[in-house]
Number of protein chains: 2
Amino acid sequence: MERNTKQRDAIRQVFEATPRPLGPTEVLEAGREHMGSLGIATVYRTINALVDSGWLVPVELPGEAPRYERAGIAHHHHFRCRSCTRVFEIPGCPGDLRELTPAGFRLESHDVTLYGQCARCAAA
Amino acid sequence: MERNTKQRDAIRQVFEATPRPLGPTEVLEAGREHMGSLGIATVYRTINALVDSGWLVPVELPGEAPRYERAGIAHHHHFRCRSCTRVFEIPGCPGDLRELTPAGFRLESHDVTLYGQCARCAAA
DNA sequence: GTAGGTGCAAATTGTTTGCAAGTCG
DNA sequence: CGACTTGCAAACAATTTGCACCTAC
């Protein structure tokens with residue numbers, strides 16, 4: 001990530017303009033609106049570099065392809081609506097998960113994903 | 001799943017003998033100890049058939065290929081070792097995750113995944 | 001000018017499918 | 001026997017990498 005190219009500008013713009021996590025293909029399509037020619041390999045390489053540099057963080061949900069969003073959000077988890085498939089961020093965290101850890105195991109981090117109906121789908 | 005072949009017996013034996021979720025490659029390697037020749041395509045076909053029949057359930061961890069375990073075990077979660085990449089079952093559950101659920105949302109189920117070092121890798 | 005970056009295509013990895021040969025019932 | 005299964009290899013899909021050309025600095 002030493003040079004500032006128009007491809008990278010376009011990719012960063014896409015993430016700055018979109019309020020939800022994006023997958024590589026979505027970035028490719030949105031990026032091509034900013035600049036005509038953009039290769040999928042460049043998107044993958046740039047995303048990986050932006051993750052390494054800490055500008056992006058991966059958002060991985062069970063059974064789904066990874067998506068990426070801008071870094072800087074506080075520790076949080078996700079709620080996935082089974083009806084509309086949208087994913088929401090939830091601020092809380094169960095916290096004391098050490099008690100679940102088997103003896104001799106060392107706990108480093110955790111993921112929590114809730115499933116159900118979002119407010120809009122539950123009301124409908 | 002109409003016939004009872006030795007390949008299928010071997011694959012079922014692997015799941016019955018192993019107390020943690022297994023991926024297709026792990027099943028292939030363990031199955032070859034029960035019977036010499038076993039093809040990866042057969043493993044995939046048999047796993048998919050066993051899932052359809054309800055004998056196996058998929059265990060999907062964020063950002064990873066699916067693993068499978070026998071259906072019918074009690075509610076539990078998973079611990080993934082960052083060193084050896086094996087996944088273990090952990091009996092506990094944080095319990096009242098309703099407090100994390102945003103207002104108006106209806107919580108139906110949840111996944112919890114812990115990450116760290118398993119006992120063997122932590123000791124090494 | 002030159003090292004880093006891009007884009008294409010080939011290579012990798014993981015999973016599914018077509019088909020001839022093998023096997024269960 | 002005859003249909004279901006297997007195993008190989010080819011087909012796919014997603015992602016990474018090799019390499020010649022290009023471009024920011």
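Sequence lines set the chain letters: A, B, ... in the order given, protein chains first and strands last, and positions in each chain run from 1.
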Fill in: Nucleotide C:dG5, atom C1' - distance to CD1 of A:Ile47 in whole Å
16 Å

Worksheet entry | N/O donor-acceptor pair under 3.5 Å between A:Thr18 side chain and A:Phe15 backbone | no

Worksheet item: Do A:Thr101 and B:Ile90 come close enough that some side-chain heavy atom pair is under 4.5 Å?
Response: no

Practice prompt. Specify the residue among A:Glu2 and B:Thr42 whose closest nucleotide of DNA chain D lies further upstream toward the 5′ end.
Written response: B:Thr42

Item to complete: Give the nucleotide from the list C:dG14, D:dT16, D:dG7 with an atom nearest to the side chain of B:Leu38.
Response: D:dG7

Discussion item. Which nucleotide wins on minimum distance to the side chain of B:Arg8, given the candidates C:dC24, C:dG5, D:dT6?
Written reply: D:dT6

Worksheet item: Contact class for B:Ile40 (heavy atom, under 4.0 Å): base, sugar-phosphate, or nothing?
Response: nothing

Worksheet item: Please give, in whole Å, the distance from C:dG5 P to A:Asn4 CG?
Response: 11 Å

Worksheet item: Which value, rounded to the nearest 0.5 Å, describes the distance between B:Trp55 atom CH2 and B:Thr46 atom OG1?
Response: 11.0 Å

Practice prompt. Can you tell me the distance, in whole Å, between the CD atom of B:Glu60 and the P atom of C:dT15?
Written response: 11 Å

Worksheet, complete the sentence: Note: for B:Thr5 and B:Tyr44 on DNA chain C, the residue whose nearest nucleotide lies more 5' is B:Tyr44

Worksheet item: Any side-chain N or O of A:Gln7 less than 4.0 Å from the OP1 or OP2 oxygen of D:dT23?
Response: no

Worksheet, complete the sentence: Which of D:dT6, C:dG4, C:dG25 is nearest the side chain of A:Arg3? It is C:dG4

Practice prompt. Send over the distance from B:Tyr68 OH to C:dG14 C1', rounded to a whole Å.
Written response: 11 Å

Worksheet item: At under 4.0 Å between heavy atoms, what does A:Arg45 touch on the DNA or RNA strands: base, sugar-phosphate, or nothing?
Response: base

Worksheet entry | B:His75/B:His110 aromatic ring centres below 6.0 Å | yes

Discussion item. Rounding to an integer number of Å, can you tell me how far A:Leu50 CG sits from C:dG5 P?
Written reply: 12 Å

Worksheet item: To the nearest angstrom, how far is B:Glu26 atom CD from C:dT15 atom C1'?
Response: 16 Å

Response to the item:
The nucleotide from C:dG5, D:dT5, C:dG7 with an atom nearest the side chain of A:Ser37 is C:dG7

Worksheet item: When we call it a touch if two heavy atoms are under 4.0 Å apart, what does B:Ala41 touch: a base, just sugar-phosphate, or nothing?
Response: base

Worksheet item: Is it the case that one hydrophobic cluster holds both A:Ile40 and A:Val27, taking links as side-chain heavy atoms less than 4.5 Å apart, direct or via other members?
Response: yes

Worksheet item: Given atom CG of A:Asp52 and atom P of C:dG5, what is their separation to the nearest angstrom?
Response: 13 Å

Worksheet item: With sugar-phosphate meaning primed atoms plus P, OP1 and OP2, does B:Thr25 contact a base, only sugar-phosphate, or nothing at under 4.0 Å between heavy atoms?
Response: nothing

Discussion item. For a quick check of understanding: with a heavy-atom distance under 4.0 Å over all strands, which category does B:Met35 fall into, base, sugar-phosphate or nothing?
Written reply: nothing

Item to complete: Can you figure out which of C:dT15, D:dT5, D:dT15 approaches the side chain of A:Pro66 most closely?
Response: D:dT15

Worksheet item: What integer distance in Å separates A:Lys6:NZ from D:dT23:P?
Response: 6 Å

Worksheet item: Can you find a heavy atom in the side chain of B:Arg8 that is under 4.5 Å from one in the side chain of B:Met1?
Response: yes

